[in-house]
Amino acid sequence: MSKFWSKIAASQKPYVPGEQPKDKKYIKLNTNENPYPPSPEVIEAIKAAADENLKLYPDPNGDALRQTLADYTGLKKDWVFVGNGSDEILAFAFMAFFDPGRPLFLPDVTYSFYAVYINLFQLDYQLVPLKEDFSLDPSDYFNSIGGVIFPNPNAPTGHCIDLEMVEAVLAHNPDRIVIVDEAYIDFGGKSAIPLINQYPNLLVIQTLSKSRSLAGLRVGFAFGQDELMEGLNRIKNSFNSYTLDRPSMAGAIAAINHEAYFQLTRGKVIRTRERIVPIMTEMGWQVIPSKANFIFISHPVLRAEDIFALLRQEGILVRYFRLPRIDNHLRVSIGTDEEMDRLLDTLRKITAAVL
Ligand SMILES: *Cc1c(COP(=O)(O)O)cnc(C)c1O
């Protein structure tokens, strides 16, 4: 508490990202980063953009990147919004589309940044409990009071709903916005982007951070019809005209254009996940079926918090959340095959010592 802080700063409980430790080299399976490097073409494009033009402001509308995304998705450029990571776009969206007094609906177990924005913008909300197995029932979101947000696949569970289910939520909220956060959609789910033509209440948010190996570049996108784009732009242009810098936009364009590299690396992550899950199950872990680049696991006997600490000692970082319903679970990002084999070996060692 400080006498210099505003009431909002004083009451805020900021988001705590997964640690990025510097004390030693860890196998990092704690922040859902991609284990593979970005495409070499991305790095070339960023280097090429580091030229004398940096003296000039970047394009405030990001037109070149938006056009690339329009061509890629088949949407028109006017229905594409770009921002400094999808977290920034989510912040704009919470401010643009939700109001105090009209609770927005969100899952009780979900991306914990949503609660931070709710607090920051002093919004009202209604937590919608996931089912016992952590699956999401679309009908629980019908006729929302103030709109809906959920990630698909959900985080940190990895559970994904199919497109018909997303559409059911849209169809039963014709006068409310439905935000689908597709940070992990490229690892096995079906994007809701094709529904945008039909549903003016749909906002789809995506990011380069996970499936394009560019968490360090901070580029996210949103897709939706005119009114939603205008809402986002009203907030963005009341906050910062130049959210994306020149090298980031150049790198992002190269990342979208290098489709073969994207297919190769996301395919590897998916194959590693599919290889690992049956092994973990055989070792006694309960694994929620995942369509993301992480798995959410628990054990009938071992305590998640203890395993988290023991893995950390062994140089492997995973994510533990001390939160209701999930305080005996671990979220484990999918690394390379070698990293996952190290994890399995270490878990076997730890388990043998404890059980
Ligand atoms: C990682 C993540 C984001 C944030 O992505 P950035 O583009 O890196 O800001 C948004 N939503 C969910 C559900 C995520 O897991």
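Both counts, for ligands and for their atoms, begin at 1 and track the order of listing. Only this structure's heavy atoms are used, side chains among them; waters, hydrogens and symmetry mates stay out.
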Go ahead and list the nitrogen or oxygen contacts between ligand 1 and the protein that come in under 3.5 Å, distances to 0.1 Å, or just say none.
| residue | atom | partner | partner atom | Å |
| --- | --- | --- | --- | --- |
| ligand 1 | 5 (O) | Ser86 | OG | 3.0 |
| ligand 1 | 7 (O) | Ser86 | N | 2.6 |
| ligand 1 | 7 (O) | Ser86 | OG | 2.8 |
| ligand 1 | 7 (O) | Thr207 | OG1 | 2.6 |
| ligand 1 | 7 (O) | Ser209 | OG | 3.4 |
| ligand 1 | 8 (O) | Ser209 | OG | 2.6 |
| ligand 1 | 8 (O) | Arg218 | NH1 | 2.7 |
| ligand 1 | 8 (O) | Arg218 | NH2 | 3.3 |
| ligand 1 | 9 (O) | Ser86 | N | 3.2 |
| ligand 1 | 9 (O) | Asp87 | N | 3.0 |
| ligand 1 | 9 (O) | Asp87 | OD2 | 3.2 |
| ligand 1 | 9 (O) | Arg218 | NH2 | 2.7 |
| ligand 1 | 11 (N) | Asp181 | OD1 | 3.3 |
| ligand 1 | 11 (N) | Asp181 | OD2 | 2.7 |
| ligand 1 | 15 (O) | Tyr184 | OH | 2.5 |
| ligand 1 | 15 (O) | Lys210 | NZ | 3.1 |

Query raised in the report: Under 30°, 30 to 60°, or over 60°: which ring-plane class applies to Tyr114 and Tyr111, parallel, tilted or perpendicular?
Result: perpendicular

Report task. Considering only NZ, NE, NH1 and NH2 on the basic side and carboxylate oxygens on the acidic side, decide whether Asp345 and Arg342 come within less than 4.0 Å. Result -> no

Query - ILVMFWY clustering at 4.5 Å (side-chain atoms), partners of Tyr242 - result: Tyr57

Requested in this report: Check side chain to side chain donor-acceptor pair (under 3.5 Å) between Ser333 and all other residues, then give those that pass, not counting sequence neighbours.
Outcome: Asn32

Report task. Could you tell me whether Lys349 and Glu314 have a side-chain N and a carboxylate O separated by less than 4.0 Å? Result -> yes

Report summary line: For Val16, the hydrophobic cluster (side chain heavy atoms closer than 4.5 Å, chained through members) also holds none

